[in-house]
Visitor: 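Handing you this structure, nothing more for now.
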There are 2 protein chains.
Amino acid sequence: MEFAKYSVTVDIVIFSLHQTALNVLLIRRAAAPHKGKWAIPGGFVNSNESLATAARRELKEETDVGEVYLEQLYTFGEPKRDPRGRVITVAYFALVTRALAPRAGTDAAEAAWYSVNALPELAFDHAEILKYALQRLRYKLEYTAVGFELLPNEFTLTELQTAYEIVLGETLDKRNFRRRLLEAGILVETSKFRPGSDEGRGRPAQLYRYKKNAVTEVKARRLFP
Amino acid sequence: MEFAKYSVTVDIVIFSLHQTALNVLLIRRAAAPHKGKWAIPGGFVNSNESLATAARRELKEETDVGEVYLEQLYTFGEPKRDPRGRVITVAYFALVTRALAPRAGTDAAEAAWYSVNALPELAFDHAEILKYALQRLRYKLEYTAVGFELLPNEFTLTELQTAYEIVLGETLDKRNFRRRLLEAGILVETSKFRPGSDEGRGRPAQLYRYKKNAVTEVKARRLFP
DNA sequence: ACAAAAGTGTTCGATATACACCCATGT
DNA sequence: ACATGGGTGTATATCGAACACTTTTGT
């Protein structure tokens with residue numbers, strides 16, 4: 001074909017919860033351009049793999065996770081966004097379940113979790129990508145049940161509520177929260193209990209799991225109006 | 001850079017209303033591959049233009065429209081989706097205001113509007129793209145006020161309601177519809193009236209315009225729950 | 001006068017919100 | 001016994017759904 005060809009990358013905004021903040025995984029660039037600056041992890045798409053496969057591969061390179069929630073976000077393709085030449089990036093966002101030790105990939109000097117409330121200056125147009133991802137995450141959380149993806153397999157209702165509160169940045173009413181999630185029919189109660197989290201004080205909380213495919217089931221039904 | 005490069009195209013799902021059906025603009029391919037098959041219009045991205053600019057340019061090549069609603073939809077990049085080699089396409093969807101005579105572009109033998117209820121067999125993975133676009137349009141219509149983009153500048157409330165009914169595929173209550181849209185504060189009434197549409201019979205209807213930026217204003221407030 | 005389409009309010013049920021106390025456990 | 005966090009119900013306000021008649025015009 002006689003038409004111009006461009007490099008294509010996938011960049012992945014990886015969200016996770018640590019303590020009381022929503023975090024994103026960033027890498028410090030080991031090479032030019034923007035050497036030394038923090039950036040969203042990503043990489044070039046191989047010629048035999050689909051975009052989603054490339055995203056999943058990059059995700060594995062950065063952090064040891066099994067199944068994760070992964071969704072295509074938006075494609076950024078301004079002509080000058082990369083000084084090396086035209087690079088079109090398909091951005092994804094991922095939700096991972098806990099603070100796994102991040103690995104520095106091949107072209108990264110370092111990898112670290114950053115709270116979304118205290119981000120460093122970012123390379124390329126990554127600030128824009130991240131802003132967009134955050135907006136989408138908040139939006140999705142209100143309308144669907146992706147919140148679980150940020151928690152381990154089994155969790156207490158308080159942990160789940162806290163996760164929602166951290167991401168949405170507002171407090172929620174405990175009774176209303178529990179009623180809504182239980183009535184939505186996306187939770188399965190287990191018979192296990194976990195002792196109070198603060199030094200074992202307090203009444204043990206029941207552990208729940210979520211139904212697989214719950215995310216799609218709840219679609220279009222607003223969870224927190 | 002030492003990495004593989006790929007062709008990048010933009011494909012645009014152009015929606016419009018004709019009479020009683022939601023239509024899409026399709027072109028018949030003049031060249032291989034899939035010569036003679038119907039396809040979504042699109043083309044290669046030039047090296048100096050952004051993705052959105054490329055989409056807008058292609059849109060103008062296919063149909064003479066001024067301002068239109070244009071939104072990035074999704075990026076499709078399966079390795080084998082185009083037999084010529086790896087082609088990644090950034091799909092957009094557009095809403096245009098009336099049935100402008102479509103023009104056959106450079107690589108099209110023919111262009112025509114097709115009802116989304118009676119589509120021909122489509123080239124490449126375009127059936128998938130179109131299905132996705134339709135789903136997104138319906139979703140957007142419920143949550144935001146994009147419906148106007150399918151109508152001329154001035155319209156009657158009945159016309160607007162009909163547009164919603166056609167796209168959503170269900171009938172709506174007249175009084176509830178009017179109340180909701182008027183209360184949403186996105187309509188401006190004009191002092192003009194249009195004589196009854198069927199041979200001038202019936203009471204003339206008041207014409208409305210919509211506020212610019214209305215689409216973003218209504219975001220996140222569900223219009224038809 | 002009649003046919004055709006525009007326009008207009010109210011009632012009822014469902015759902016969201018606001019709110020405070022008792023329960024189980026560890027020390 | 002007390003400190004800590006888990007768990008539960010009800011009353012009120014708001015919003016959506018259902019529903020039928022009057023008005024204006026052309027013929």
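Throughout, protein chains are lettered first and strands after them, A, B, ... in sequence-line order, and every chain is numbered starting at 1.
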Visitor: For B/R203 and D/dC21, give me the distance from atom CZ to atom P, rounded to whole Å.
Guide: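 Rounded to the whole Å, the gap is 18 Å.
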Visitor: Does a side chain donor of either B/D11 or B/T89 reach within less than 3.5 Å of an acceptor in the other side chain?
Guide: yes
Visitor: So that I know where these two stand, are A/Y208 and A/Y210 an aromatic pair - ring centroids less than 6.0 Å apart?
Guide: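 No.
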Visitor: Could one point to a donor on the side chain of B/R194 or the base of D/dT24 with an acceptor on the other under 3.5 Å away?
Guide: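 No.
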Visitor: Taking atom P of D/dC15 as reference, at what distance in whole Å does atom CG of B/D173 sit?
Guide: 18 Å
Visitor: Look up atom CZ in A/R29 and atom NE2 in A/H126, then write down how far apart they are to the nearest 0.5 Å.
Guide: 7.5 Å
Visitor: Would you kindly give the NZ-to-P distance between A/K192 and D/dG6, to the nearest whole Å?
Guide: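 Value for this atom pair: 18 Å.
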Visitor: Between the base of C/dT27 and the side chain of A/R201, is there any donor-acceptor pair under 3.5 Å?
Guide: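 Not at all, since no donor on one side and acceptor on the other fall under 3.5 Å apart.
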Visitor: Can we say B/E61 and B/R57 salt-bridge, meaning some charged N sits less than 4.0 Å from an Asp/Glu carboxylate O?
Guide: yes
Visitor: Ignoring hydrogens and geometry beyond distance, is the side chain of B/R179 in donor-acceptor contact with the base of C/dG9 at under 3.5 Å?
Guide: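 A donor-acceptor contact between them is present.
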Visitor: Grab the CZ-P distance between A/F193 and D/dG5 for me, whole Å please.
Guide: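 A/F193 atom CZ is separated from D/dG5 atom P by 18 Å.
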Visitor: Any salt bridge between B/E189 and B/R209, counting N to O under 4.0 Å?
Guide: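 Salt bridge flag = no for B/R209 with B/E189.
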Visitor: Would you tell me if any nitrogen or oxygen in the side chain of A/R180 comes within less than 4.0 Å of OP1 or OP2 on C/dT17?
Guide: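 For C/dT17, OP1 or OP2 has a side-chain N or O of A/R180 closer than 4.0 Å.
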Visitor: Does the base of C/dG7 carry an N or O that pairs as donor and acceptor with the side chain of B/R175 under 3.5 Å?
Guide: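 No, the side chain and the base share no sub-3.5 Å donor-acceptor pair.
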Visitor: So, is A/T158 close to the D/dG5 phosphate, meaning a side-chain N or O under 4.0 Å from OP1 or OP2?
Guide: no
Visitor: Please report the distance, rounded to the nearest Å, between CD in B/Q206 and C1' in C/dA5.
Guide: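 Spelled out: CD on B/Q206 to C1' on C/dA5 is 15 Å.
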Visitor: Measure CD/B/E170 against P/D/dA18 and give the value in whole Å, please.
Guide: 11 Å
Visitor: Distance check needed: D/dG6 P versus A/F155 CZ, whole Å only.
Guide: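 The answer, rounded to whole Å, is 14 Å.
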Visitor: Check the phosphate of C/dG7 against B/R178, side-chain N and O only, distance under 4.0 Å to OP1 or OP2. Yes or no?
Guide: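 Looking at the OP1 and OP2 atoms of C/dG7, one of them is under 4.0 Å from a side-chain N or O of B/R178.
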Visitor: Tell me which nucleotide among D/dG6, D/dT10, D/dC19 gets nearest to the side chain of A/A205.
Guide: D/dG6
Visitor: Nearest-Å distance, CD (B/Q161) to P (C/dA5)?
Guide: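 Going from B/Q161 (CD) to C/dA5 (P), I get 14 Å.
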Visitor: Which nucleotide sits closest to the side chain of A/N176: C/dT25, C/dA18, D/dG5?
Guide: C/dA18
